[in-house]
Structure formats: C-alpha cells, structure tokens
Protein chains: 2
Amino acid sequence: MLASVPGGPTFKRLPRAVREQQMLDAAVRVFSRRGFHDASMDEIAEEAGISKPMVYAYLGSKDDLFRACVHREGTRLLESIVAVVADDLPADEQLWRGLRGFFGFVGAHRDGWAVLYRQARSGPSYDLAALRTRIVEVVAGMLKRAVESQGRTARDEDLTASAYALVGAAESIADWLADHPEADPDHSAARLMNFSWLGARQLLRGELWQPSSA
Amino acid sequence: MLASVPGGPTFKRLPRAVREQQMLDAAVRVFSRRGFHDASMDEIAEEAGISKPMVYAYLGSKDDLFRACVHREGTRLLESIVAVVADDLPADEQLWRGLRGFFGFVGAHRDGWAVLYRQARSGPSYDLAALRTRIVEVVAGMLKRAVESQGRTARDEDLTASAYALVGAAESIADWLADHPEADPDHSAARLMNFSWLGARQLLRGELWQPSSA
DNA sequence: CAGCATATCTACCCCTGCGTAAGGTTACTC
DNA sequence: GAGTAACCTTACGCAGGGGTAGATATGCTG
C-alpha cells in the first residue's frame with residue numbers, strides 16, 4: 001500500500017538483522033531524549049521508519065527492547081575499554097588507554113551513554129549494575145597490579161573503594177562531556193588522568209592524608 | 001467509618017503540615033524502591049496510611065509530588081554540606097568537613113539519596129541538575145581558594161573539571177555506601193579524602209602527569 | 001508461475017493508573 | 001449544640017499507551 005503511493009518513499013523489505021539494528025538505533029535515540037517512561041513504542045517505531053508490530057515481532061516488549069539497548073551499548077562501552085588495555089603495560093599507561101577508550105566511546109555514542117548513565121538506573125535493566133561492577137573490577141585489578149609492582153600491598157576494600165571513586169569521577173566528567181559536543185574526549189581523559197593518577201601515585205607510595213583535628 | 005470499626009486502628013485527624021511530611025516520607029520510600037515510573041499513587045497513599053485524594057489535595061499531581069520529594073531531599077543534602085563548611089578554614093579541612101557532611105547525609109537518608117541519585121535523572125525533576133551544579137560550584141570555589149592560597153593560578157575550566165571529578169567520585173562511593181548499611185560514612189569520607197586530596201595537592205604544586213607515548 | 005515463508009501494515013482491544021466528584025466525619029468556635 | 005471549616009473516604013471517569021489479531025504485500029524457490 002504505502003509502497004505504491006505515487007511520490008511516496010518506497011519501503012523496501014529488509015532482512016531481519018538490518019531492521020533490528022535500525023530499531024535499536026532508533027530506540028537508543030528516543031530513550032536517550034525522552035527517558036524510559038516517556039518514550040512510547042509508537043515514537044520508536046516511527047523513528048525507525050517502521051510500524052509498531054514489527055518492533056514487538058523482532059524485539060519483544062518495551063522492557064525487552066530497553067534491555068536490548070542497554071546490553072548493546074554496554075557491550076560496546078566495555079569493548080572500548082578492554083580492547084586497548086593490555087596486561088603487560090605499566091599501570092599508568094593502562095589507565096591512560098582505558099580512559100581514552102572510555103571517553104572516546106562517550107564522545108562517539110552520546111545517545112548510548114545517556115541511556116546507560118541517565119536512564120538505565122531507573123529502567124528495567126538489572127544487569128547494568130553488573131556491567132558497572134565489571135568495570136570497577138577491571139580498574140581495581142589495575143590498581144592492584146600497580147601496587148604490587150611497587151612491592152607494596154593494599155587491602156582489597158581500599159582498592160575497590162579507589163576504583164569506585166575513579167569510575168565515578170570518569171562518569172561525572174563523561175556526563176559533562178556528553179553535553180558539550182565541542183569538547184575533545186582526549187582532553188577530558190587527560191584532565192581526569194591528572195586529577196586521579198597523581199593521587200593514586202601518592203597512595204602507592206604509602207602517603208596518607210590525616211585530619212588535623214581528629 | 002473506618003475509625004469506628006471495633007478493634008481496627010483509629011485514624012486520627014492530623015493537621016496538614018504533619019500529614020504532608022508523612023506523605024513525603026512515604027513517597028520517598030516508595031520512589032526509592034520502585035522508581036518514578038513503577039511507583040503508583042495508590043501505593044504511596046497506602047504507605048502513608050492515608051487515601052489517595054489526600055495526596056492530590058495536599059501535594060498535587062504525581063510530578064508535583066516527585067518534585068517535592070527531590071526538593072526536600074536535595075535541600076537537606078545541600079544543607080548537610082554547606083552547614084559545616086566555613087569559609088575561613090584551610091582547604092583540606094573544608095573538603096574533609098564537606099565530605100563528612102555529604103556521606104553523613106547519605107548514611108542517614110539512604111532512601112532520599114536513592115531518589116536523588118538513581119531516580120531523579122529520569123523523573124520529572126529538571127532542577128536537580130541545578131542542585132548538582134551548585135554543589136560543583138561550591139567545590140570548584142573551594143579548589144580555587146586553595147590554589148590561590150598557594151600563590152598559584154588555574155584556569156576555571158580545569159577547576160570545574162576537577163570539581164566534577166570529585167563530585168562524581170563522591171557520588172559513586174556514596175552509592176556503594178547506600179547498599180552497605182554496615183559501612184561507616186566517616187570511613188568512606190576518609191577513603192575519598194585520601195584518593196582525591198593527595199592528587200589535588202599534587203596539582204596545586206603544579207605537577208602534571210604526562211603520557212609516555214605522546 | 002504456483003507455493004510458501006517472511007516482512008509488513010491497519011485497526012483494534014483493554015488494562016493500568018492518574019486524577020476527580022460527591023459525600024461523610026471530626027473537631028473547633030461562638 | 002448549631003454552624004462551619006478542614007479532614008478524609010469510597011467510587012468512578014477516562015486517556016494513554018502497551019500489546020495483538022488478522023489481512024496484505026513481497027520476493028525467493030522449484
């Protein structure tokens with residue numbers, strides 16, 4: 001019908017895999033700007049240039065769709081980080097590469113980042129916490145090797161806490177970056193590197209801050 | 001009617017101000033565990049031990065109610081920080097007190113924190129970003145005075161970026177704290193103090209990290 | 001070209017949950 | 001103790017949007 005409207009766009013039949021990616025792209029954009037709650041399946045379908053039942057046929061319910069978005073973007077994010085971090089590099093180089101990978105992803109997939117960071121906490125995505133935990137573990141492992149390479153030791157809780165701090169700091173800067181298209185991701189990475197690594201290095205040396213009034 | 005059921009609980013009439021606080025308390029709890037979307041006004045009313053039209057009469061629509069929650073908890077959070085930060089203290093002592101105030105709030109109002117951090121990004125609360133910006137500004141101002149007290153200068157963007165990093169790190173640790181009731185808020189504050197202040201102090205001295213492979 | 005699987009649409013159902021109308025009850029005031 | 005204002009409830013209207021049924025078009029395969 002629509003395909004035969006004179007002058008109208010000809011809707012070509014596309015294989016499932018292609019349509020699914022289009023739908024996910026559209027869903028990420030819509031979820032990103034509306035949030036899970038205010039995004040409607042109709043709008044997502046329209047954004048994808050397809051009708052609503054197709055979305056249900058291919059990707060299931062709204063919750064399923066959202067989870068699929070989070071899963072795809074989360075996997076991409078994790079890949080961006082671990083792909084560039086080689087185990088045999090010195091700790092500061094690992095951190096530097098990891099941060100560049102991370103901020104690079106955010107700069108290149110701002111919508112995806114917005115879904116992961118701003119929406120996924122409240123939406124029906126219970127495995128996002130798992131992804132975040134994995135990233136924290138990666139960072140904690142990095143810190144642990146750094147400590148051991150100095151011939152020192154640290155309690156796991158302290159390493160984990162530092163990793164949480166570092167990840168949180170990165171997320172915060174990333175969120176600022178997502179709202180400033182003109183900013184350079186590498187510049188953000190360098191800023192955070194300066195802020196965090198110098199502190200971590202001091203910790204590696206065993207230095208501690210002490211409250212002056214106990 | 002209900003008040004006269006034999007053996008049933010006697011529902012006492014209470015002044016508006018009291019009921020409003022009860023409703024806000026209940027709403028914060030429900031929003032905290034369900035999220036904005038999945039929280040229903042019926043459940044909030046039930047949690048408050050009151051019927052639904054009372055909520056509408058006193059606090060307006062669901063959006064209004066949520067905003068009221070965010071506003072109350074956000075104000076409490078800000079108060080917890082600024083109340084203990086005196087301008088004439090040295091920078092590290094200001095930061096230490098601010099962090100203690102912050103983590104103290106989170107430890108004492110975990111539900112409120114969950115609403116602010118996990119729900120408010122997606123819910124209809126457009127002034128939460130403003131609150132966060134104010135906190136970032138407070139921290140940035142703190143850093144600026146610290147730099148100047150060293151007879152040095154720094155660009156505003158770098159100070160702001162460091163403030164974002166610090167605030168993000170604090171949020172991340174706080175979120176961990178919210179899920180670990182046994183943890184001591186002051187301990188978290190000390191951990192973050194060690195991680196961040198040592199780095200900031202290095203920055204104050206003009207030290208910078210440099211990538212080994214430019 | 002007949003048959004079939006896949007892709008796609010229009011039109012609809014219906015439930016959830018927001019928000020409200022109308023009326024009953026309690027406590028304060030004169 | 002009558003009047004009144006504030007408190008509080010039950011019961012319902014109603015829209016938005018998630019999800020589906022059934023029909024239709026398209027292109028591949030023998």
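Convention: sequence-line order gives letters A, B, ...; per-chain numbering from 1.
Both A:M54 and B:G60 lie near DNA chain C, and the one whose nearest nucleotide falls closer to the 5' end is A:M54.
With no hydrogens or angles considered, no side-chain donor-acceptor pair links B:D175 and B:S172 at under 3.5 Å.
Checked against B:I44 for a side-chain contact (heavy atoms from CB on, under 4.5 Å), the options B:L24, B:V30, B:V28, B:L59 give a single hit: B:V30.
The local environment of CD in A:E157 is crowded, with over 12 non-hydrogen atoms from other residues, nucleotides or ligands closer than 6.0 Å.
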Can you give me every donor-acceptor pair (side chain of residues 75-86 of chain B, partner residue at least two apart or in another chain, under 3.5 Å) with its distance?
{"residue": "B:T75", "atom": "OG1", "partner": "B:H71", "partner atom": "O", "Å": "2.7"}
{"residue": "B:R76", "atom": "NH1", "partner": "B:E73", "partner atom": "OE2", "Å": "3.3"}
{"residue": "B:S80", "atom": "OG", "partner": "B:R76", "partner atom": "O", "Å": "2.8"}

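Using a cutoff of 4.0 Å between basic side-chain nitrogens and carboxylate oxygens, A:R72 and A:D25 are scored as salt-bridged. Note on A:E43 versus A:R33: salt bridge recorded, some NZ/NE/NH1/NH2 to OD/OE distance being below 4.0 Å.
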Contacts under 3.5 Å, N or O only, protein and nucleotides 3-6 of chain D:
{"residue": "D:dA6", "atom": "N3", "partner": "B:R13", "partner atom": "NH2", "Å": "2.6"}

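We find that CG of B:L65 is positioned 13 Å from C1' of C:dG19, with the value rounded to whole Å. We find that CD1 of A:I44 is positioned 11 Å from C1' of D:dG18, with the value rounded to whole Å. Between A:L59 atom CG and D:dG18 atom P the separation is 15 Å, expressed in whole Å. At whole-Å resolution of the value, CZ in A:R19 and C1' in C:dT6 are 13 Å apart.
Taking the centre and axis of the six-membered ring of B:F36, the NZ or CZ atom of B:K62 falls inside the cone set by 45° and 6.0 Å.
For an aromatic pair to be called close, the ring centres must be under 6.0 Å apart, and A:F102 with A:W113 satisfies this.
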Contact state string [nucleotides 12-18 of chain C, B base, S sugar-phosphate only, - no protein heavy atom under 4.0 Å]:
------B
